[in-house]
Amino acid sequence: MTSRTSAIHILYFANFREVLGQAEENLPATHNTVSELLTTLAARGEPWKVALFDNENLQIAVNHDIASRETPLKAGDEVAFFPPVTGG
Amino acid sequence: MTSRTSAIHILYFANFREVLGQAEENLPATHNTVSELLTTLAARGEPWKVALFDNENLQIAVNHDIASRETPLKAGDEVAFFPPVTGG
Amino acid sequence: MASFNRETLCIKIQTEDFDLTTEISALRQDHKNIGAVVSFVGTVRDMNEGDEVSVLELEHYAGMTEKSLEKIRLEAHQRWSLEASMIIHRVGKLLPSDQIVLVAVASQHRENAFHAAHFIMDYLKTNAPFWKKETLPNGDVRWVDSRVSDQEAAQRWAV
Amino acid sequence: MASFNRETLCIKIQTEDFDLTTEISALRQDHKNIGAVVSFVGTVRDMNEGDEVSVLELEHYAGMTEKSLEKIRLEAHQRWSLEASMIIHRVGKLLPSDQIVLVAVASQHRENAFHAAHFIMDYLKTNAPFWKKETLPNGDVRWVDSRVSDQEAAQRWAV
């Protein structure tokens with residue numbers, strides 16, 4: 001079990017949360033970019049690969065700011081994955 | 001005295017009412033256009049000529065619709081003269 | 001489109017103030033498919049042309065006012081897909097920060113309501129027979145001049 | 001510009017409903033030189049993509065939501081001369097005709113308020129982390145799809 005401060009905290013919203021069956025988790029801060037993190041998640045199998053890695057409409061936020069696959073990550077970061085927003 | 005139905009009823013608004021010293025009057029329906037009516041009014045002297053006849057910003061309405069100097073007139077018509085509007 | 005023809009509800013010229021919540025509720029009533037309501041409230045500024053303003057008095061041309069506002073409102077309904085719209089304009093004596101005018105437009109999608117409300121205000125400013133007279137703190141009274149910027153704003157909607 | 005920095009008053013995420021008159025009064029307070037207030041209220045439509053909608057549920061990303069809305073609001077203040085602005089967005093379960101969102105902008109002249117309110121809504125629609133889930137009368141539940149038209153609307157404001 002990785003403690004939150006030395007880990008990357010990951011959040012899943014809307015249909016991602018339902019398809020992936022979880023709202024949040026911690027992963028080790030050994031991933032240097034969002035892209036590396038996505039590669040780890042895709043290795044879990046089909047729903048992860050389809051919803052995240054292969055998804056051209058994937059939205060990413062790092063520490064509450066819109067980010068991209070190239071955004072660097074460090075211990076303590078909060079990464080969120082979600083579909084296009086539909087508020088308003 | 002011309003009765004209202006056989007006359008043209010004329011209204012003056014805002015600073016026109018103040019400069020010309022009256023809010024409304026009736027004139028004989030012998031004027032075939034707004035332009036003819038303005039010529040009659042201009043003959044009354046300086047304030048009438050300046051405020052109405054010579055005024056490039058003169059606004060005209062005939063029977064509650066925006067009109068021009070060329071608009072024809074007939075007995076019973078209501079003609080209004082006013083400066084550019086400033087509501088809202 | 002029930003309220004589209006209820007002219008008496010859609011155009012109001014009044015001396016008394018209006019309540020935004022009450023008016024918007026009335027506008028939305030019987031229109032379940034509304035997704036967007038854009039409202040514009042014009043208020044009395046305490047400054048005009050560099051001078052403090054104490055009192056604003058609004059004169060209008062009764063009869064023509066209602067007709068011109070209804071014409072502007074119906075033109076908006078012809079240009080955009082709208083569910084409902086209304087215009088309230090106050091007349092008489094007003095003080096700084098008082099509400100002067102309300103234009104409210106309801107539609108299924110926001111784009112139409114934004115354009116229509118803006119259009120109605122721009123046309124009202126140049127086509128509806130209202131005139132403002134302001135009193136300064138020293139007692140001076142003057143008629144408010146029309147603005148070239150209002151003419152230009154209205155002209156941008158020309159078809 | 002007093003309320004410009006009062007972030008707690010300018011952005012509200014809440015489950016409860018809001019009252020337009022109350023909110024606009026608060027927005028206008030301490031700003032005597034306001035001449036224009038444009039407000040947008042988004043409401044739950046009873047139809048979406050041809051289907052009747054019974055319930056709409058709004059989820060959001062607490063923390064990021066406030067930050068992204070404040071960023072959009074401040075961007076509007078940078079682009080236009082504004083006196084005050086506010087955004088309220090409801091979350092949780094809503095019913096048809098319920099109010100979802102309020103964007104209100106106050107300025108000296110109407111042009112700025114109209115543009116800024118429209119801009120804030122278009123950016124909110126594409127940049128603020130809210131997601132809608134709708135329940136149909138037969139019990140079916142589905143996430144609402146994002147609209148290409150919303151993307152296009154936001155792109156029109158690109159500088």
Side-chain angles (χ1 to χ4, degrees), chain C residues 17-25 27-48 52-53 56 83 95-111 113-122 124-125 147 149-150 152-153 156, chain D residues 17-25 27-48 52-53 56 83 95-111 113-122 124-125 147 149-150 152-153 156:
Chain C
D17 199 9
F18 51 83
D19 177 72
L20 202 48
T21 301
T22 309
E23 300 300 339
I24 299 298
S25 299
L27 179 79
R28 292 179 53 201
Q29 204 158 16
D30 309 330
H31 296 272
K32 273 208 162 178
N33 207 21
I34 288 173
V37 182
V38 172
S39 23
F40 174 89
V41 175
T43 56
V44 181
R45 293 167 59 208
D46 63 353
M47 295 288 287
N48 190 29
E52 210 180 312
V53 174
L56 189 70
E83 296 293 315
L95 300 175
S97 95
D98 278 355
Q99 301 186 117
I100 306 173
V101 60
L102 168 65
V103 169
V105 177
S107 60
Q108 289 187 34
H109 302 293
R110 71 187 180 285
E111 192 78 6
F114 269 116
H115 286 316
H118 199 165
F119 164 85
I120 291 174
M121 268 313 299
D122 283 350
L124 184 158
K125 280 267 180 188
R147 293 170 182 275
S149 62
D150 283 333
E152 291 168 348
R156 280 200 293 276
Chain D
D17 199 7
F18 52 82
D19 177 72
L20 203 48
T21 300
T22 308
E23 300 300 340
I24 299 298
S25 299
L27 180 78
R28 291 180 53 201
Q29 203 158 17
D30 309 331
H31 297 272
K32 272 208 163 177
N33 207 20
I34 288 172
V37 182
V38 172
S39 23
F40 174 89
V41 175
T43 56
V44 181
R45 293 168 57 210
D46 64 351
M47 295 288 287
N48 190 31
E52 209 181 314
V53 174
L56 189 69
E83 297 292 314
L95 301 175
S97 96
D98 277 356
Q99 302 187 114
I100 306 172
V101 61
L102 167 66
V103 168
V105 177
S107 61
Q108 288 188 35
H109 302 292
R110 71 186 179 286
E111 191 78 5
F114 268 116
H115 286 316
H118 199 164
F119 165 85
I120 291 173
M121 269 313 299
D122 283 350
L124 184 157
K125 279 269 180 186
R147 293 170 182 274
S149 62
D150 283 333
E152 291 168 349
R156 280 199 294 275

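In this structure, chain C has no heavy atom under 4.5 Å from any part of D:Asn48. Interface remark: D:Val44 contributes backbone atoms only to the contact with chain C (heavy atom separation under 4.5 Å). When heavy atoms are compared at a cutoff of 4.5 Å, D:Ala106 does not approach chain C at all. For chain C, the nearby part of D:Ile24 is the side chain; its heavy atoms alone come within less than 4.5 Å. Of the two parts of D:Ala153, only the side chain, counted from C-beta on, holds a non-hydrogen atom closer than 4.5 Å to a non-hydrogen atom of chain C. D:Glu23 does not touch chain C: none of its heavy atoms, backbone or side chain, sits under 4.5 Å away.
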Stepwise, does the side chain to side chain donor-acceptor pair (under 3.5 Å) test hold for D:Ser39 with C:Ser39? CA-CA 5 Å; D:Ser39 23; C:Ser39 23; 3.3 Å; yes
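A heavy-atom distance below 4.5 Å is found between the side chains of C:Leu27 and C:Val37. Inter-residue side-chain proximity for D:Met121 and C:Glu111 is flagged as unmet; no heavy-atom pair is nearer than 4.5 Å. Between C:Glu152 and C:Arg147 the shortest side-chain heavy-atom distance does not fall below 4.5 Å.
No other option in D:Gln108, D:Gln99, D:Arg28, D:His109 has as many heavy-atom pairs under 4.5 Å with chain C as D:Arg28. In terms of non-hydrogen atom pairs under 4.5 Å with chain D, the most contact-rich of C:Val38, C:Ile100, C:Thr22 is C:Val38. The candidate with the highest count of non-hydrogen atom pairs below 4.5 Å against chain C, out of D:Leu20, D:Val53, D:Asp46, is D:Asp46. In terms of heavy-atom pairs under 4.5 Å with chain D, the best-connected choice from C:Val41, C:Asp122, C:Asn33 is C:Asn33. The candidate with the highest count of non-hydrogen atom pairs below 4.5 Å against chain C, out of D:Val103, D:Val101, D:Asp150, is D:Asp150.
Using cut-offs of 30° and 60° for the angle between ring planes, the D:His118 and C:His115 rings count as perpendicular.
With respect to the salt-bridge test (charged N to carboxylate O, under 4.0 angstrom), the residues D:Glu83 and C:Arg45 do not qualify.
For C:Phe114 and D:Phe114, the ring centers sit 6.0 Å or farther from each other.
Separation of atoms CG (C:Asp19) and OG1 (D:Thr21) is listed at 3.5 Å; rounding is to 0.5 Å.
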